[in-house]
Asks: 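Sharing a structure below in structure tokens format, with a few things to ask.
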Amino acid sequence: MPVFKSSYAKPILVGVIAIIAAISLWKNINQTGNYQPDMFALKNPEQIDAFRFVPNDPKNAPLYFQKKNNQWYVCNQIDTFPADSQNVQMLLNWAMRKLKVQRPVAGESVKNLSRKMALSAVKASFSINGKEVHSIYVGGSTQDNMATYMYKADYDNPCIVEIPGFQGYLTPYFNNDIHIWRTLKLVQLNPNDIQSLKVTWPQHPEKSFEILQENNQIQIKDSKNSIRKANRSLLAGYLILCSQFSREAGTVAGINKDKQLKDSISSLPPIISFQYTTTQNQVTTLNVFAHQGFEDIIMDARPDATETVQTALYWVKSSQDPHLWLSQDIVLQNRMKSLSDFLNP
């Protein structure tokens with residue numbers, strides 16, 4: 001995984017940057033300027049190759065995003081992860097592109113709001129080829145939660161900003177929790193790069209198997225390491241299906257904050273285990289554990305209607321990640337195969 005060092009991300013400067021940003025916001029808040037309805041909107045978002053979120057509150061760490069080789073990465077002062085490209089594109093090409101001033105804040109509320117934003121707003125800055133081209137300060141929601149307070153340097157007052165046709169506020173799009181922004185893929189491989197996939201059922205070893213591919217040949221072995229006759233198309237299709245494995249969206253589950261509780265799950269034998277070995281000899285293991293919960297999901301029942309169904313939840317632990325993540329049965333059900341599912345009759 002590429003690790004990049006942002007020129008912004010120097011811990012010794014974080015507090016200074018936040019303080020300077022807060023002072024600058026406080027000083028500029030009463031300057032006059034001409035309002036343009038789209039002054040907060042990002043022009044040419046497809047050209048952006050880096051951006052950052054710097055909270056004015058120095059207790060909150062900044063977050064940095066960078067695009068390399070057509071892949072977005074997100075980092076803080078500790079970690080670097082591949083980013084969820086869908087979330088990044090939603091921010092750049094939908095939210096930032098469509099921002100529109102509903103109206104400037106006026107009257108007695110300006111002073112209190114300005115003070116609050118100077119202390120707690122997030123500065124969002126966007127760059128092209130190392131040059132900052134756009135920056136805004138993002139505050140909290142309006143009282144009705146239908147718009148967002150924002151401020152832009154060189155304009156006199158904060159503004160109430162919205163996206164026409166969207167009902168809600170935009171502060172969550174500028175969240176500095178790195179886990180909100182990282183990719184949902186616990187595994188993301190080219191199927192041709194999978195040298196072997198070993199699927200183990202600890203409680204039912206007769207169901208376990210290993211699929212191997214080399215030199216355009218694909219075969220399956222049972223738990224006793226014996227090669228079995230199998231449908232090769234099914235084997236190839238299964239490798240394609242398992243080449244990506246997604247977790248639930250969201251930040252780290254609360255169970256990870258309680259080591260004893262977390263260990264009580266991860267120390268148990270998994271229901272099923274997936275071990276990937278790539279042609280570069282990189283090994284990743286996913287262990288799937290029982291979870292007592294269920295989740296309602298909305299599915300298309302027919303072209304003109306949807307229905308709500310319940311799906312079981314599982315805990316998933318990757319050898320490449322210290323956390324337990326949630327995954328849905330709808331993701332796992334087609335991956336939880338047995339040896340007999342592939343054998344020729």
Side-chain angles (χ1 to χ4, degrees), residues 1-26 42 48-92 95-96 117-140 151 153 170-186 188 247 249-259 262 317-325:
M1 178 187 302
V3 176
F4 63 91
K5 297 290 186 180
S6 169
S7 60
Y8 300 120
K10 298 182 181 297
I12 195 171
L13 294 179
V14 172
V16 176
I17 291 173
I19 292 171
I20 291 174
I23 293 173
S24 174
L25 175 58
W26 182 257
L42 181 63
I48 298 298
D49 56 21
F51 60 97
R52 56 177 175 161
F53 298 157
V54 180
N56 280 349
D57 184 351
K59 295 179 182 178
N60 295 323
L63 205 57
Y64 308 92
F65 300 78
Q66 189 169 354
K67 190 177 185 180
K68 285 194 171 185
N69 299 323
N70 216 33
Q71 167 68 53
W72 281 98
Y73 294 88
V74 57
C75 79
N76 53 24
Q77 296 163 10
I78 301 173
D79 297 311
T80 298
F81 299 110
D84 185 342
S85 296
Q86 184 175 355
N87 277 351
V88 172
Q89 295 305 322
M90 180 72 77
L91 170 71
L92 296 178
M96 286 302 303
M117 290 190 67
L119 294 174
S120 61
V122 172
K123 183 180 181 182
S125 303
F126 302 85
S127 301
I128 300 174
N129 296 326
K131 181 181 179 181
E132 185 176 297
V133 296
H134 189 65
S135 65
I136 59 175
Y137 291 88
V138 181
Y151 172 77
L170 303 169
T171 309
Y173 285 91
F174 303 88
N175 193 304
N176 66 324
D177 181 347
I178 193 170
H179 297 293
I180 294 290
W181 290 97
R182 59 184 292 192
T183 180
L184 302 182
K185 306 293 185 183
L186 296 176
Q188 188 169 20
R247 62 173 175 87
T251 191
V252 175
I255 192 174
N256 293 283
K257 298 178 182 179
D258 186 329
K259 185 178 185 303
K262 174 188 169 186
K317 172 70 174 64
S318 168
S319 59
Q320 306 296 330
D321 192 304
H323 302 110
L324 284 172
W325 296 98

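Since this is a predicted model, take the numbers as computed values, not measurements.
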Asks: Are the side chain of Asn256 and the backbone of Lys262 linked by a donor-acceptor contact shorter than 3.5 Å?
Replies: no
Asks: Calculate, to the nearest 0.5 Å, the distance between atoms CZ and CG belonging to Arg52 and Asn76 respectively.
Replies: 15.5 Å
Asks: Is the side chain of Asp321 donor-acceptor paired with the backbone N or O of His323 at a distance under 3.5 Å, no angle test?
Replies: yes
Asks: Donor-acceptor pair, Asp84 side chain versus Leu184 backbone, under 3.5 Å?
Replies: no
Asks: How close do Thr251 and Ile180 get, heavy atom to heavy atom, and via which atoms?
Replies: N-CD1, 3.6 Å
Asks: Quick check: does any side chain N or O of Asn56 sit under 3.5 Å from a backbone N or O of Ala118, one acting as donor and the other as acceptor?
Replies: yes
Asks: Quick check for you: to the nearest 0.5 Å, what is the distance between Asn129 atom CG and Ile48 atom CD1?
Replies: 10.0 Å
Asks: Any idea which heavy atoms bring Ile136 and Val138 closest together, and the distance?
Replies: CD1-CG2, 3.9 Å
Asks: I need the minimum non-hydrogen distance between Ala83 and Gln71, along with the two atoms involved.
Replies: O-NE2, 3.6 Å
Asks: Given 3.5 Å as the limit, does a donor-acceptor pair link the side chain of Thr171 with the main chain of Gly139, or not?
Replies: yes
Asks: If I take atom NZ from residue Lys123 and atom CZ from residue Phe174, how far apart are they, to the nearest 0.5 angstrom?
Replies: 14.0 Å
Asks: Grab the two heavy atoms, one from Met96 and one from Leu92, that are nearest each other, plus how far apart they are.
Replies: CB-O, 3.7 Å
Asks: Quick one: CD1 on Ile178 to OG1 on Thr80, what's the gap to the nearest 0.5 Å?
Replies: 6.5 Å
Asks: Quick one: pull up NZ in Lys67 and OG in Ser127 and give me the separation to the nearest 0.5 Å.
Replies: 14.0 Å
Asks: Looking at every heavy atom in both Met117 and Tyr137, which two are closest together, and how far apart are they?
Replies: CE-O, 3.9 Å
Asks: Parallel, tilted or perpendicular, judged at 30° and 60°: which one describes the rings of Trp181 and Phe65?
Replies: perpendicular
Asks: Over 60° means perpendicular and under 30° means parallel, so classify the ring planes of Phe53 and Phe51, tilted if in between.
Replies: tilted
Asks: Which heavy-atom pair separates Ser135 from Ser125 by the least distance, and what is that distance?
Replies: CB-OG, 3.6 Å
Asks: Do Asn176 side-chain atoms and Leu63 backbone N/O form a donor-acceptor pair below 3.5 Å?
Replies: no
